[in-house]
Chemist: 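Take a look at the following structure, please.
Residue numbering restarts at 1 for every chain, and letters A, B, ... go by the order of the sequence lines. Worth knowing before you read on, the calculation uses all heavy atoms, side chains too, and leaves out hydrogens, waters and symmetry mates. In this text the structure is predicted, and so the values were computed from the model without any measurement.
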Protein chains: 2
Amino acid sequence: MRKIFLFMDTVVNKVDAKGRVSLPSDYRAIVKELSTEIVCYRSLSSPCIEGCLEETLDKLATDIENATDFFSETQDNLTNLIFGDAKRFVFDSTGRIVLTEKLLKHAQITDSAVFVGKGRKFQIWNPQNWEKEEARIRREALKNRPTLKAKEDA
Amino acid sequence: MRKIFLFMDTVVNKVDAKGRVSLPSDYRAIVKELSTEIVCYRSLSSPCIEGCLEETLDKLATDIENATDFFSETQDNLTNLIFGDAKRFVFDSTGRIVLTEKLLKHAQITDSAVFVGKGRKFQIWNPQNWEKEEARIRREALKNRPTLKAKEDA
DNA sequence: TTGAATCCCATAAAATACCATGTTATACCA
DNA sequence: TGGTATAACATGGTATTTTATGGGATTCAA
């Protein structure tokens, strides 16, 4: 098992009528070290799909268990929201997964999708939407230089 | 044996006159690694059925022992409520379990049920009720972005 | 013997694995 | 450095397998 797992780069792939997309080969290379499946869910904040390794979600499950009470409403709501939406996607020998209607609709994806690396996670966007979003993020970054010093959004 | 056990996704299945429901195949795949049975009980907080692996309840038993006094009323009540209500459900060769009247009634389930993944657990809802509940949770999440920072509700 | 619970079989639909091909990227050699 | 051979990849199509679910048979107990 490798020590470094980073989803990187931005690649565009076609989505066919059945919802099939090739996972970028770089991504597959990462995933294959552990399994042949990824987990995808609707982003809570953007019109896009998010993907990650199952172990990433497993870690999240453990964090939730440790941070909240077993019987709490917070734990209930969080786990319903996250795991109720997430789904395993196994890719076949040609490296494709089949995205669901729900996910495609949320991300407004029809015949083409762009994979955007995010380190431990990645996102899948409608190409036009991503173009706009990337421009927006870059503008923001120019105005307000990013910082890791304080967690303003905590 | 796999390292990661997460119940995910939301799937709707029919419930027939005998109370039979197919356990979603993804769930079965998880369960099969350990056994051929799950444990179900009435949710303490919602009109739905909760299910998990027996080992999850075993962990809960340990947590209760550690968090409360052996002679406390709290421990008494909790253990009565949960373990008094829980019951094992073995699924047959076609992957179905037969839910009891008590459970179905509590969840107001008649001819159709929706399975909602919760990570280590899952829930079974009446579809209409779940639709409303999911909408409620999403509204909440948008208002108060979830955080794992502090245990506000502990 | 009758009612209830459990198990097994059949089928249609849906999900998934496999095969084939054109294209692009990569490696190799002059 | 340029040209060619090789390999990898994305993608369209097809075949096979799973899965959900209805119905019937069998078992067990009262």
Chemist: In whole Å, I'd like the distance from the CD1 atom of B:Ile97 to the C1' atom of C:dC7.
Modeler: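 Atom-to-atom, B:Ile97 to C:dC7, this comes out as 16 Å.
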Chemist: Give a yes or no on whether the backbone of B:Glu37 and the side-chain of B:Ser35 come within a donor-acceptor separation of less than 3.5 Å.
Modeler: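 Pair found, side chain donor or acceptor close to backbone of B:Glu37.
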Chemist: Taking A:Arg88 first and then B:Asp9, would you say they form a salt bridge - that is, a charged N and a carboxylate O separated by under 4.0 Å?
Modeler: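 B:Asp9 and A:Arg88: not salt-bridged.
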Chemist: To the nearest Å, give me how far apart CZ (A:Phe115) and C1' (D:dA10) are.
Modeler: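 That distance rounds to 12 Å.
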Chemist: For every nucleotide of nucleotides 11-17 of chain D, 5' to 3': is a protein heavy atom under 4.0 Å from its base (B), only from its sugar-phosphate (S), or from neither (-)?
Modeler: BBBB---
Chemist: Without decimals, in angstroms, what is the distance between B:Leu23 CG and D:dT19 P?
Modeler: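 Going from B:Leu23 (CG) to D:dT19 (P), I get 12 Å.
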Chemist: For B:Asp111 and D:dT21, what is the distance between atoms CG and C1' respectively, to the nearest whole Å?
Modeler: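 It works out to 13 Å between those atoms.
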Chemist: Find the distance B:Asp92:CG to D:dG22:C1' and express it as a whole number of Å.
Modeler: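 Between C1' of D:dG22 and CG of B:Asp92: 13 Å.
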Chemist: So, does B:Ser72 use its side chain to make a donor-acceptor pair with the main chain of B:Thr68 at under 3.5 Å?
Modeler: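 Pair absent, no side-chain N/O of B:Ser72 close to backbone of B:Thr68.
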Chemist: So that I can tick it off, tell me whether A:Asp58 and B:Arg120 are bridged by a salt bridge, with the cut-off set at under 4.0 angstrom between side-chain N and carboxylate O.
Modeler: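 Yes, charged N to carboxylate O under 4.0 Å.
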Chemist: Quick test of your reading of the model: are B:Glu55 and B:Lys59 salt-bridged, counting only N-O distances below 4.0 Å?
Modeler: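 Result for this pair is no, no salt bridge flagged.
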Chemist: Which pairs, with at least one residue in residues 65-77 of chain B and sequence neighbours excluded, count as a salt bridge (Lys or Arg N to Asp or Glu O under 4.0 Å)?
Modeler: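 Counting only pairs at least two positions apart or across chains, no salt bridge (Lys or Arg N to Asp or Glu O under 4.0 Å) contact touches residues 65-77 of chain B.
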Chemist: Using rotation axes that map the C1' atoms of four end pairs onto the next four (five pairs an end), what angle separates the end axes of the helix from C:dT1-D:dA30 to C:dA30-D:dT1, to 10°?
Modeler: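 About 50° separates the two local helix axes.
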Chemist: Without decimals, in angstroms, what is the distance between B:Phe91 CZ and C:dC8 P?
Modeler: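 Between P of C:dC8 and CZ of B:Phe91: 14 Å.
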Chemist: Between A:Phe70 and B:Lys121, is there a cation-pi geometry (under 6.0 Å to ring centre, at most 45° from the normal)?
Modeler: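 Yes, B:Lys121 sits over the ring of A:Phe70.
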Chemist: Please find the pair of heavy atoms, one from A:Leu104 and one from A:Ile49, that lie closest to each other, and give the distance.
Modeler: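 Heavy atoms of A:Leu104 and A:Ile49 come nearest at N-CD1, 4.4 Å.
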Chemist: Expressed in angstrom and rounded to an integer, what is the separation of A:Glu37 atom CD from C:dT16 atom C1'?
Modeler: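 So the CD-C1' distance, A:Glu37 to C:dT16, works out to 14 Å.
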